[in-house]
Amino acid sequence: MAQKPSIPKGTRDFNATEVAKRTYIVDTIKNKFEVFGFQPIETPSFENSDTLMGKYGDEGDRLIFKILNSGEYLKKISDDDYSSKSEQKLTPRISEKALRYDLTVPFARYVVQHQNEIEFPFKRYQIQPVWRADRPQKGRFREFYQCDADVVGSTSLFQEIEFIQLYDAVFDVLNLKGVTIKINNRKVLSGIAEVIGAKDKLIDFTVALDKLDKIGKEMVKAEMLSKGISEEGVAKLQPLFELTGDFGDQIKSLKAILINSEEGLKGIEELEFINKATAEFKLKSAKLELDVTLARGLNYYTGAIFEVSAPEGVKIGSIAGGGRYDDLTGIFGLKDMSGIGISFGLDRIYLVLEELGLFPNTITAFTKVLFINFGETEAMACLKAVTKLREFGIKAELYPDKAKMKKQMNYANRRNIPFVVLVGGEELKTETFTLKDMNKGSQESITFNELLEKVN
RNA sequence: GUGGUUGUAGCUCAGUUGGUUAGAGCGCCUGAUUGUGGUUCAGGAGGUCGUCGGUUCGAGACCGAUCUUCCACCCCA
């Protein structure tokens, strides 16, 4: 035990079954991305630190894995810096590279760097691991995959509508019914903050509001007050806590609250348009829901904000997210380039499908037929048949050693191989194959063509 | 980063106020059955009790540190 090797906290090994299941999800997402017209790109797993640092807020900077410089990096440090014991001073001197924290910022960097080779609007998708020095919990890892699709260079609201359809299409194919696509709009939040006289406290205001369903309205109010939002302001929020009804009803109430905020009304208008269009196209199995408390990723979202939550009863935060960011590339010097993107959380979708038993059995079916090894002559004949079966794309293998029958049968049984073929002296003579169906326990003597048909 | 929690055989877990040689079920290996697995029966192997250090005549049990697990906060896929 003690000497056994291990892997770092928050990382995982994947066995064959797990890989098959993950591939199934990724392939589904990838297929839909391509059907919707997105093109794949990949970026390095690590970037220059200054590309990443400062893009995710202080909290984000803390969670970025830094890579130590190579060589005699300590010798270059002044004694002052060295003895300061200040991470802020020291870190940039000993680490100039960092593991990517998400796929959006590297994508923004990519767009700016390759702006002259790209046709806009540029639709790209990217499926790669990201790393966060977070403390792991269920569904939270330090290495995990994001599956992102983004469009830059178009402000059209049709993108929002298409992304809603894309979410719906992916979860429909995965047979994950009843997911809720929550939508909100930064402009609405900003408008509300304006109305209650807390425009400068937008982030504090939204972070508190975001916790509404978790800690209740009294706690939310208390948190807002503690962040310096006035009593009158908080009082004005009362109708917000009592929003009821469907999308349209909530829009009506919000309009009343936001009557004096130009920005807020703009946000409402956008939400109305998206809702109307989505209703017209009809979603296959997802529900679109307005959620004014939704406030994730506010560091860069400027318009629509999306979050997809698992069907009711599955306790695992969000399984996908996204939103519009009007000026993401601005930080890298390319102005007026609006973008919108969504991200699927592969690892969380996996946990949800697992919990609901939604993985098809077929995806974990590996070897279809195993040939028992009776010795060199028999094995040679078997290998010939195996080779032919493989030419037909059938997953077939020969047990490599002349082991005891029991051992070979056991091997097939444990690996869930559905068919076993026995070729001994008798079969060699008559050029037949004894095919055993491991599920039924029955067996029959057949020709190669019959074998091919049975196991195909 | 803050607070809490977990770690004993491959797996799931017992193990009394600190006391000889640490247990069970399942799994695994061998045989009954040398051309038949998943059922049955008989036998067998496997643990420096997460790691390091401390207290004690004596530690799986107590203390400290560290790693790991899970949870809450923060934040988030």
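Note that these values count all heavy atoms, side chains included, but never hydrogens, waters or copies made by symmetry. Everything quoted here is computed from the prediction, not taken from an experiment. Proteins get letters first, then strands, A, B, ... in listed order; numbering begins at 1 in each.
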Can you tell me the distance, in whole Å, between the [atom1] atom of [X] and the [atom2] atom of [N]?
X       : N       : atom1 : atom2 : value
I215(A) : rA72(B) : CD1   : C1'   : 13 Å
E378(A) : rG35(B) : CD    : C1'   : 11 Å
Y301(A) : rA77(B) : OH    : C1'   : 10 Å
R132(A) : rC74(B) : CZ    : P     : 17 Å
R142(A) : rA77(B) : CZ    : P     : 18 Å
L370(A) : rG37(B) : CG    : C1'   : 11 Å
Y56(A)  : rA77(B) : OH    : C1'   : 13 Å
L435(A) : rG37(B) : CG    : P     : 17 Å

Salt-bridge present ([X], [Y]; N to O < 4.0 Å):
X       : Y       : result
R415(A) : E397(A) : yes
D347(A) : R12(A)  : yes
E18(A)  : K21(A)  : no

Handout entry: R140(A) vs R348(A), side chain to side chain contact (heavy atoms under 4.5 Å, CB included): CA-CA, chis, key distance, verdict
Key = CA-CA 8 Å; R140(A) 277 178 95 155; R348(A) 292 199 175 173; 3.4 Å; yes
Handout entry: E450(A) CD: over 12 foreign heavy atoms closer than 6.0 Å
Key = yes
Practice task
Flag yes if more than 12 heavy atoms outside K177(A) fall under 6.0 Å of its NZ atom; otherwise flag no.
Solution key: yes
Look at the side chain of [X] against the base of [N] and say whether a donor-acceptor pair falls under 3.5 Å; ignore hydrogens and angles.
X       : N       : value
N410(A) : rG37(B) : no
R135(A) : rC73(B) : no
K436(A) : rU36(B) : yes
E427(A) : rG35(B) : yes

Exercise for the section: Compare the aromatic ring of F144(A) with the six-membered base ring of rA77(B) and state whether they stack according to the 5.5 Å and 30° rule. Expected result: yes
Contact class for [X] (heavy atom, under 4.0 Å): base, sugar-phosphate, or nothing?
X       : result
K211(A) : sugar-phosphate
G10(A)  : sugar-phosphate
D347(A) : nothing
D102(A) : nothing
F141(A) : base
E307(A) : nothing
K407(A) : nothing
Q443(A) : base
Q137(A) : base
G441(A) : base
S318(A) : sugar-phosphate

Exercise for the section: Quick one: sort the F33(A) and F344(A) rings into parallel, tilted or perpendicular, breaks at 30° and 60°. Expected result: tilted
Handout entry: Within 45° cone of Y110(A) ring axis and under 6.0 Å: R124(A) NZ or CZ
Key = no
Problem - Pi-cation contact, F419(A) with K454(A) (under 6.0 Å, within 45°) - result: no
Problem - Side chain of T434(A) (C-beta onward), nearest among rC74(B), rG35(B), rA77(B) - result: rG35(B)
Practice task
Measure from the side chain of K9(A), starting at C-beta and using heavy atoms only, and say which of rU69(B), rA77(B), rC75(B) lies closest.
Solution key: rU69(B)
Completion exercise
Ranking R414(A) and S442(A) by the position along RNA chain B of their nearest nucleotide, the one closer to 5' is R414(A)
Completion exercise
Per nearest nucleotide of RNA chain B, the residue lying toward the 5' end, E426(A) or R140(A), is E426(A)
Handout entry: Donor-acceptor side-chain pairing of E427(A) and T434(A) below 3.5 angstrom
Key = yes
Handout entry: Under 3.5 Å side-chain donor-acceptor pair for Y325(A) and D150(A)
Key = yes
Could you tell me how far [M] sits from [N] if I compare only their [atom1] atoms? Round to whole Å.
N       : M       : atom1 : result
rG37(B) : rC28(B) : P     : 14 Å
rU5(B)  : rU69(B) : C1'   : 9 Å
rG7(B)  : rG60(B) : C1'   : 12 Å
rU17(B) : rC26(B) : P     : 29 Å
rU56(B) : rG44(B) : P     : 43 Å
rG25(B) : rA14(B) : C1'   : 10 Å
rG10(B) : rG18(B) : P     : 28 Å
rA22(B) : rU16(B) : C1'   : 14 Å

Should [N] form a Watson-Crick or G-U wobble pair with both distances under 3.5 Å, which nucleotide is its partner?
N       : answer
rC62(B) : rG54(B)
rU34(B) : none
rA14(B) : none

Handout entry: Contacting residues from residues 219-229 of chain A, given that a heavy atom lies under 4.0 angstrom of RNA chain B
Key = none
Exercise for the section: Using only side-chain N and O atoms of K406(A), determine if any of them is under 4.0 Å from OP1 or OP2 of rG35(B). Expected result: no
